[in-house]
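This report concerns only the one structure given below.
Here the structure is a predicted model, which is why all the values come from computation and not from measurement. Sequence lines set the chain letters: A, B, ... in the order given, protein chains first and strands last, and positions in each chain run from 1. Below, each value reflects all heavy atoms present in this structure, side chains not excepted, and no hydrogens, waters or symmetry copies.
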Amino acid sequence: MIRPRWKKALSDILSYKARSLLVIAAIILGITGVGSILTAYLILSQDIRTNYLGVRPAAAVIWTVPGLTDQDVAAVRARPGVEDAERRPSVMGRILKGEDSWESLRLFVVDDFDKPRLGTFTLEGGRWPVEGELVIERDGWRLIDTPVGNAIDVRVGDSPRHRLRISGRVHDPGQAPSHMDHVVYGYVTRRTYRTLVPDGALDRLLVSVSEKPFDREHIRSVTRDLGTWLGARGISVTRVEVPAPGRHPHQGQLESLLFLLGAIGALSLVLCSILVVNIMAFLLARQVRQIGIMKAIGATPMQVVQIYFFAVACLGGLAAAVGVPLGVAGGKAYARFAARELNFTVLTTELPHWLYLGLAAAAVVLPVVVATIPIRRGTSIPVLRALGDHGLTALGGGDQARPTSPRRFSMPRPLRLAVGGVLRRRGRLLFTVATLGLGLTILAVALNLQATLSRLLEQSAESQRFDLSVFLGRPYPVARVAEALAGVEGIDEVTYWQGGLAPLVYGDGMLSNSYSIVALPARARAFEPVVLEGTWLQEARGDGVVVNQELARAERLSAGSTIELKVGARQHPFVVLGVIKEIGAPTIYVPQPSWRLITGDDDTTTNVRIASSSRDPVDQVTLSRRVERALESARLDVTATLRKAERLKLIKDHLAIITGFLLASSLLALVVSGLGLVSTMGISIIERTRETGVMRAIGASLHTVRIMFLAEGLVVGLLSWVAGLLLAVPMSDAVASFFGTLILDTPLELTLSGAAIPVTLGVMTVFVLVATSSAWTTRSSVREALAYE
Amino acid sequence: MNPAITHGSEPAILCQGVSKVFHTARGEVAVLRNVDLRVERGEYLAIVGKSGSGKSTLLSMLAAIDSPTRGTVTVAGVTLNGLSEAASASWRGRSVGIVFQFFQLLPGLSVLENVMLPMDFSDTFQGRRESRARGLLARVGLSAHAAKRPGELSGGEQQRVAVARALVNDPQVVLADEPTGNLDSDTSRSVNQLLTGLAQDGKTVIVVTHGAVDSIPYSRVLTLADGSVVNDESRRALPGAHATGGVR
């Protein structure tokens with residue numbers, strides 16, 4: 001037979017089914033939230049690394065002039081500090097999607113598909129290609145729709161189109177996902193490559209190091225020595241890239257997202273804990289007399305406390321039975337989603353036992369811990385007082401409840417009753433306002449963040465007064481390009497910029513990764529960015545460049561910094577005039593005259609910006625196709641065309657995952673805080689049953705009582721709403737700043753959402769209606785109400 | 001002299017100079033004033049007086065539920081002054097049985113579990129708690145109701161359960177605060193008979209009552225007024241002592 005004291009605990013759980021279910025629901029929500037995040041983190045942090053490292057990624061990529069031989073590669077492998085090397089040229093091209101629409105294509109040339117040494121990839125369908133064929137990375141099928149087995153048109157450089165058969169589908173986790181970077185990855189044999197690029201493009205060497213594979217400085221040092229050695233053999237190194245060692249290209253984004261979600265999960269857990277405290281306080285208030293009885297018949301304070309801890313632990317155990325599997329399932333689902341988005345495979349099939357045990361323990365222990373305060377407080381009431389409790393004094397009045405009569409302001413009686421009822425228990429009011437207010441704050445913050453990001457995209461769009469960007473594979477005379485575009489209908493204005501890729505030279509002579517250079521006139525109408533620091537390009541400052549915040553963060557630059565750019569074989573000093581806000585890759589903006597001087601390319605262009613004569617998106621798509629056709633006909637090497645709308649969508653898609661989850665997580669927090677209001681209003685309605693019975697006995701109608709509770713609920717709701725919105729402003733600012741720095745390397749300027757006020761007000765109203773619904777559904781008679789204890 | 005009462009040995013209850021003063025906004029209110037009381041073992045004592053005379057306060061002190069402002073209270077050989085809450089609860093569970101006016105049963109437990117509860121808290125009668133509780137229920141005539149909840153019983157039946165619970169740890173002293181205050185006359189009679197039976201079995205029984213004391217064979221009647229003892233009347237031996245088959 002169960003001991004009576006534990007039986008009492010179980011009986012209390014069943015006696016207050018609604019409250020018990022609320023506690024269980026609160027714990028489930030908290031554990032599910034934290035469990036999902038923890039599970040996702042465990043899977044993703046491990047698997048993304050395993051996926052990436054599993055492909056034996058190159059520690060460094062070295063571009064050389066064409067002509068690397070197998071002997072050269074073998075000699076590189078034998079160099080000190082080098083573990084392995086593989087020649088894998090790569091060239092940008094175009095691949096046809098649909099009838100006359102092209103996507104960017106990056107082609108990799110693989111000497112031995114069966115035994116790649118570095119940057120490996122796996123065949124998932126079909127077979128390895130032979131001459132005239134290619135295999136495509138699986139994520140590319142989010143951009144094209146030609147199935148395996150069919151032929152597809154590709155263009156490389158200014159060569160004519162070639163039709164290649166798609167022989168298979170591969171998975172290459174070492175590349176950034178195609179759909180995110182809008183580039184299809186294709187893999188061809190050397191013979192196919194020679195067909196596409198008869199003159200050959202730059203050779204490309206993948207290198208891994210034999211020691212300190214995660215030490216970027218060491219890798220740079222090895223590649224510098226290698227570059228010197230290659231130069232001595234007559235092989236010029238044109239560019240060196242050292243990616244962040246051991247990290248997937250988008251790992252930073254994933255980690256930022258997990259961090260954000262973790263914060264939301266932790267916040268949900270805090271809110272759930274607050275809810276548990278709230279509900280336990282109510283339950284104990286209803287147990288005052290029983291606590292007195294138990295003490296009177298011999299229960300020590302500790303024995304009484306243990307009974308309620310046991311009850312909470314049982315509720316936690318029940319919640320764990322649901323919350324733990326839900327949390328793990330949620331985490332696995334998110335991991336699958338993230339893996340799909342980031343194009344890697346979930347490898348983890350089993351999770352560590354400690355995860356399940358830890359979550360279960362948290363579900364049991366955390367509520368017990370947070371319930372300590374209300375339990376200790378509720379059970380410490382002296383025996384004599386407890387035995388004298390009849391529900392009215394201790395619950396509806398007593399030390400904590402002060403008789404209130406807001407006489408200062410004249411107001412209608414029902415409102416006065418409502419305000420008086422709300423102010424009666426100020427501690428509980430504060431608690432409820434804090435909980436619901438916080439939930440509304442989080443929702444408002446999520447909405448404000450969405451508005452801020454939308455504004456950022458608008459600003460980005462406004463700063464670019466062109467509709468179409470065309471990137472050429474090499475510098476072409478402006479006149480030739482202009483001639484090709486002359487007959488294209490729908491063009492309003494064309495601007496010809498220059499640019500390329502160039503690394504920074506550090507003080508010790510080492511080179512950075514190559515950064516994108518855009519050379520344009522200082523007063524380019526087509527581009528007016530938001531300057532965060534310093535100034536934009538100045539005509540009078542030929543030695544002044546501007547960088548975007550991404551580059552400024554990566555290289556720790558600010559207005560006034562000096563840099564050395566290596567263009568060709570020479571180094572050129574510049575001063576950073578300013579830092580601009582821009583979403584995109586790290587970029588250096590150089591005055592066009594200076595670039596011409598450096599490169600000797602007087603009147604060439606690599607970067608064409610076209611303004612459409614129509615604002616209609618459909619017209620702009622048509623224009624984009626016409627431009628491609630015209631440039632193809634003119635045998636110009638186009639590596640990419642990008643409509644502004646497309647670019648903004650790309651950025652939006654990057655951010656959508658984050659903002660979507662932020663909104664979903666904020667709703668989770670809101671549900672928990674709403675439960676707090678439901679609990680509090682329910683407590684208030686129940687504990688004042690006798691009081692309202694007295695009111696009805698002396699003439700108040702049931703309808704009046706219901707309106708009174710509704711008014712009370714609205715007063716609490718409005719106070720919470722005001723508090724929530726007031727807090728939302730500074731919190732949104734802080735989150736925008738933090739979020740911006742984390743994801744975009746620049747604090748975001750807050751834009752308040754126009755939807756925040758109506759949405760939060762609507763949510764609050766719904767919560768109040770739900771919370772006070774028990775007042776509308778009660779059917780107790782006056783006699784029953786007066787006899788209620 | 002009542003043969004069931006043991007004179008000359010340590011008394012069951014000894015109060016010396018007990019006063020209880022409450023401090024209110026209007027000043028001090030003395031609920032008990034310098035009360036001296038000696039109750040021998042086996043006495044069947046009624047404490048009477050008007051509302052506000054201090055009867056229930058005195059009883060609370062005897063149960064260590066309340067403490068005096070001045071004076072000492074010794075019950076069952078233990079001086080209650082200065083006991084911690086845990087110590088007084090522990091003592092109370094083993095040494096006194098309390099019967100309340102409003103029964104004070106836990107609604108979520110069965111009748112049997114309510115009776116077993118004091119043994120659970122005091123950790124007594126291990127291995128035979130259920131049988132002991134059933135035995136006590138049989139003796140108060142409620143065997144058939146063991147599985148019921150208190151809410152399913154009448155007032156009188158609930159009070160009999162409360163009596164059984166009060167006896168479950170075999171206390172020396174039984175304290176009853178208006179045990180029939182909430183019952184009709186017939187039911188009151190049966191509860192009073194139960195309490196009388198306990199006294200006849202040698203337990204020290206103290207009853208605070210508003211009701212008539214003449215029809216109940218109390219061995220002593222103490223009258224309080226304004227917090228002081230105004231009358232202390234000893235009576236003849238219990239009629240039919242040891243012949244009424246009271247509850248052990």
Exercise. Report the residues that fulfil ring-ring contact (aromatic ring centres under 6.0 Å, His included) with A:Phe310, sequence neighbours left out, ordered by chain and then residue number.
Key: A:Trp6
Self-check item: Winner by heavy-atom pair count (cut-off under 4.5 Å) against chain A, out of B:Ala63, B:Pro107, B:Gly97
Solution: B:Pro107
Quiz item: Among B:Gln104, B:Glu113, B:Arg94, which has the most heavy-atom pairs under 4.5 Å with chain A?
Solution: B:Gln104
Quiz item: Taking non-hydrogen atoms and a cut-off under 4.5 angstrom, which of residues 71-93 of chain B neighbour chain A?
Solution: B:Glu85, B:Ala86, B:Ala89, B:Ser90, B:Arg92, B:Gly93
Quiz item: What are the residues of residues 12-27 of chain B, in order of number, with any heavy atom under 4.5 angstrom from a heavy atom of chain A?
Solution: none
Quiz prompt | Heavy atoms from other residues, nucleotides or ligands near CD1 of A:Ile373 exceed 12 (cutoff 6.0 Å) | solution = no
Quiz prompt | Greater than 12 external heavy atoms within 6.0 Å of B:Asp123's CG | solution = yes
Practice problem: Please round to the nearest 0.5 Å and tell me the distance separating atom CZ of A:Arg5 and atom CG of B:Leu106. | Solution: 13.0 Å
Quiz item: Tell me, side chain or backbone of A:Ile297 under 4.5 Å from chain B's heavy atoms, or both, or neither?
Solution: both
Practice problem: Please flag which part of B:Leu112 lies under 4.5 Å from any non-hydrogen atom of chain A: side chain, backbone, both or neither. | Solution: side chain
Quiz item: Measuring heavy-atom distances to chain A, does B:Arg129 have an atom under 4.5 Å in its side chain, in its backbone, in both, or in neither?
Solution: side chain
Quiz item: Taking B:Ala166, B:Pro118, B:Ser60, B:Ala64 one by one, which has the highest count of heavy-atom pairs under 4.5 Å against chain A?
Solution: B:Pro118
Practice problem: Mind checking the CG-OG spacing from A:Leu387 to B:Ser56? Nearest 0.5 Å is all I need. | Solution: 11.5 Å
Identify all side-chain donor-acceptor contacts of residues 298-308 of chain A below 3.5 Å with residues at least two apart in sequence or on another chain.
residue, atom, partner, partner atom, Å
A:Thr300, OG1, A:Gln303, N, 3.2
A:Thr300, OG1, A:Gln303, OE1, 3.4
A:Gln303, OE1, A:Thr300, N, 2.9
A:Gln303, NE2, B:Phe121, O, 2.8
A:Tyr308, OH, A:Gln287, OE1, 2.6

Quiz item: Between atom CG of B:Asp120 and atom CZ of A:Arg3, what is the distance when rounded to the nearest 0.5 Å?
Solution: 4.0 Å
Practice problem: Using non-hydrogen atoms and a 4.5 Å limit, figure out which bit of B:Ile98 sits close to chain A: side chain, backbone, both or neither. | Solution: side chain
Self-check item: Top contributor to chain A interface from B:Val168, B:Asn169, B:Leu109, B:Leu105 [non-hydrogen pairs under 4.5 Å]
Solution: B:Leu109
